Amino acid sequence: MPDKESYLIQVYHKLYQLYGPQGWWPLMDLEGENPTKTGSLKGYHPLNYSLPETSQQRFEVILGAILTQNTAWTSVEKALWNLKRMGVVHPQNLLELETEILKEAVRPAGFFNQKSVYLQEISRFFLKMDGKVPARKEILGVKGVGNETADSILLYAYHQPQFVVDAYTKRIFGHLGVIKENSSYMEVKNLFEECLPRNVPLYQEYHALIVEHAKRYYQKRPYNEIHLKRY
DNA sequence: AACCAGGACGTGA
DNA sequence: TCACGTCATGGT
């Protein structure tokens, strides 16, 4: 695999050409009434890289980042909607909410016992930061925030140039022979950050495009890589 | 009816 | 450090 740098850049352009701007991170329509009939909220905002803008939107991204751990986004939407209905997409309100009530709201997103605790932990942290951008190490110190969640929060909530690696990233680029199958999180993250210009919209789109592509072709074996092999 | 989902934590080698 | 079990609901 010679010249991983140009390869990773060209794969990005190929994905962008295939799927277009993804508009991550999705935000609930805070003025809206209800989830759509399909159960899927819209919330995506292609080519708008200034979101989130408000403290509440930033907090919503953070809640979603924790709720979506090993969980489909459609399930996360249900939990987020519950939290919005209860008026706790706000750190102070969330902390004042009865734990059992919080668990019921989180339930549709799975792992509701631990995720409820995680949401309380990140709420305290969010209040403590008081609007300041946290360092990566600081967020990693919060219980429930691992490598991917930390980078997701920094990249999508705080517009920091931290590349997000997930299981899909390892699956696709492992299968393409760019990385070893058992590469560590930081190895993969460092590779992408060394190969790509340090650009927030690029990082945001690349990760979202990887997820979109993986959902289509990397859920079930045998994986079909021809969509990226020729570009 | 397995298997997977935009992982993280606790434990024991 | 690292492999492994655990956490849980919901869709295919």
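Not measured: the values here are computed from a predicted model. Letters A, B, ... are given to chains in the order of the sequence lines, protein chains preceding strands, and every chain is numbered from 1.
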Subject >> A:Trp24-B:dG6 aromatic stacking (under 5.5 Å, under 30°) >> reply: yes
**OP:** Would you please indicate yes or no on a ring centroid separation below 6.0 angstrom for A:Trp24 and A:Trp73?
**Re:** no
**OP:** Run the ring-centre check on A:His213 versus A:Tyr218 and record whether the distance is less than 6.0 Å.
**Re:** yes
**OP:** Start with the C-alpha distance between A:Glu212 and A:Lys215, add both sets of side-chain angles, then the distance that settles salt bridge (charged side-chain N to carboxylate O under 4.0 Å, His left out), and finish with yes or no.
**Re:** CA-CA 5 Å; A:Glu212 177 60 27; A:Lys215 279 178 171 174; 5.5 Å; no
What integer number of Å spans the [atom1] atoms of [N] and [M]?
{"N": "C:dA8", "M": "B:dT11", "atom1": "P", "value": "16 Å"}
{"N": "B:dG6", "M": "C:dT6", "atom1": "P", "value": "24 Å"}
{"N": "B:dC4", "M": "C:dG5", "atom1": "P", "value": "15 Å"}
{"N": "C:dC7", "M": "B:dA5", "atom1": "C1'", "value": "14 Å"}

Original post:
Is a donor-acceptor pair below 3.5 Å formed from side chain A:Tyr206 to base B:dG6, judging by atom type as modelled?
Top reply: no
Original post:
Is any side-chain heavy atom of A:Trp81 less than 4.5 Å from a side-chain heavy atom of A:Met28?
Top reply: yes
Original post:
Any side-chain heavy atom of A:Val165 within less than 4.5 Å of one from A:Asn147?
Top reply: no
Original post:
What is the distance from atom CG of A:Leu63 to atom CZ of A:Phe126, rounded to the nearest 0.5 Å?
Top reply: 9.0 Å
**OP:** Indicate, with a heavy-atom threshold strictly under 4.0 Å, whether A:Val142 touches base, sugar-phosphate, or nothing.
**Re:** sugar-phosphate
Original post:
NA contact type, A:Val76, heavy-atom cut-off 4.0 Å: base, sugar-phosphate, or nothing?
Top reply: nothing
Write down the distance between [atom1] ([X]) and [atom2] ([N]), rounded to a whole number of angstrom.
{"X": "A:Glu121", "N": "B:dA8", "atom1": "CD", "atom2": "P", "result": "15 Å"}
{"X": "A:Tyr118", "N": "B:dG7", "atom1": "OH", "atom2": "P", "result": "14 Å"}
{"X": "A:Lys170", "N": "B:dG6", "atom1": "NZ", "atom2": "P", "result": "16 Å"}
{"X": "A:Leu209", "N": "B:dG6", "atom1": "CG", "atom2": "P", "result": "15 Å"}
{"X": "A:Tyr218", "N": "B:dA5", "atom1": "OH", "atom2": "C1'", "result": "18 Å"}
{"X": "A:Ile153", "N": "B:dA8", "atom1": "CD1", "atom2": "C1'", "result": "13 Å"}
{"X": "A:Lys180", "N": "C:dC2", "atom1": "NZ", "atom2": "C1'", "result": "14 Å"}
{"X": "A:Glu77", "N": "B:dA5", "atom1": "CD", "atom2": "P", "result": "17 Å"}

Original post:
Where along residues 98-106 of chain A does a heavy atom come under 4.0 Å from DNA chain B, residue by residue in number order?
Top reply: none
Original post:
Judged by atom type as modelled, is there a donor-acceptor pair below 3.5 Å linking the side chain of A:Asn82 to the main-chain atoms of A:Ala105?
Top reply: yes
Original post:
Is a side-chain donor or acceptor of A:Glu187 paired with a backbone partner of A:Ser184 at a separation under 3.5 angstrom?
Top reply: yes
Original post:
A:Tyr156 side chain N/O closer than 4.0 Å to the phosphate oxygens (OP1, OP2) of B:dG6?
Top reply: no
Original post:
Do the side-chain N or O atoms of A:Arg171 get closer than 4.0 angstrom to the phosphate oxygens (OP1, OP2) of B:dG6?
Top reply: no
Subject >> Transitive ILVMFWY side-chain link A:Tyr19 to A:Tyr206, under 4.5 Å >> reply: yes
**OP:** Would you please test A:Arg171 and A:Asp166 for salt bridge (charged side-chain N to carboxylate O under 4.0 Å, His left out) and show each step?
**Re:** CA-CA 9 Å; A:Arg171 192 177 301 173; A:Asp166 65 349; over 6 Å; no
Subject >> Contact pattern, 5' to 3', of nucleotides 6-12 of chain C - B, S or - by protein heavy atom under 4.0 Å >> reply: -BBSSS-
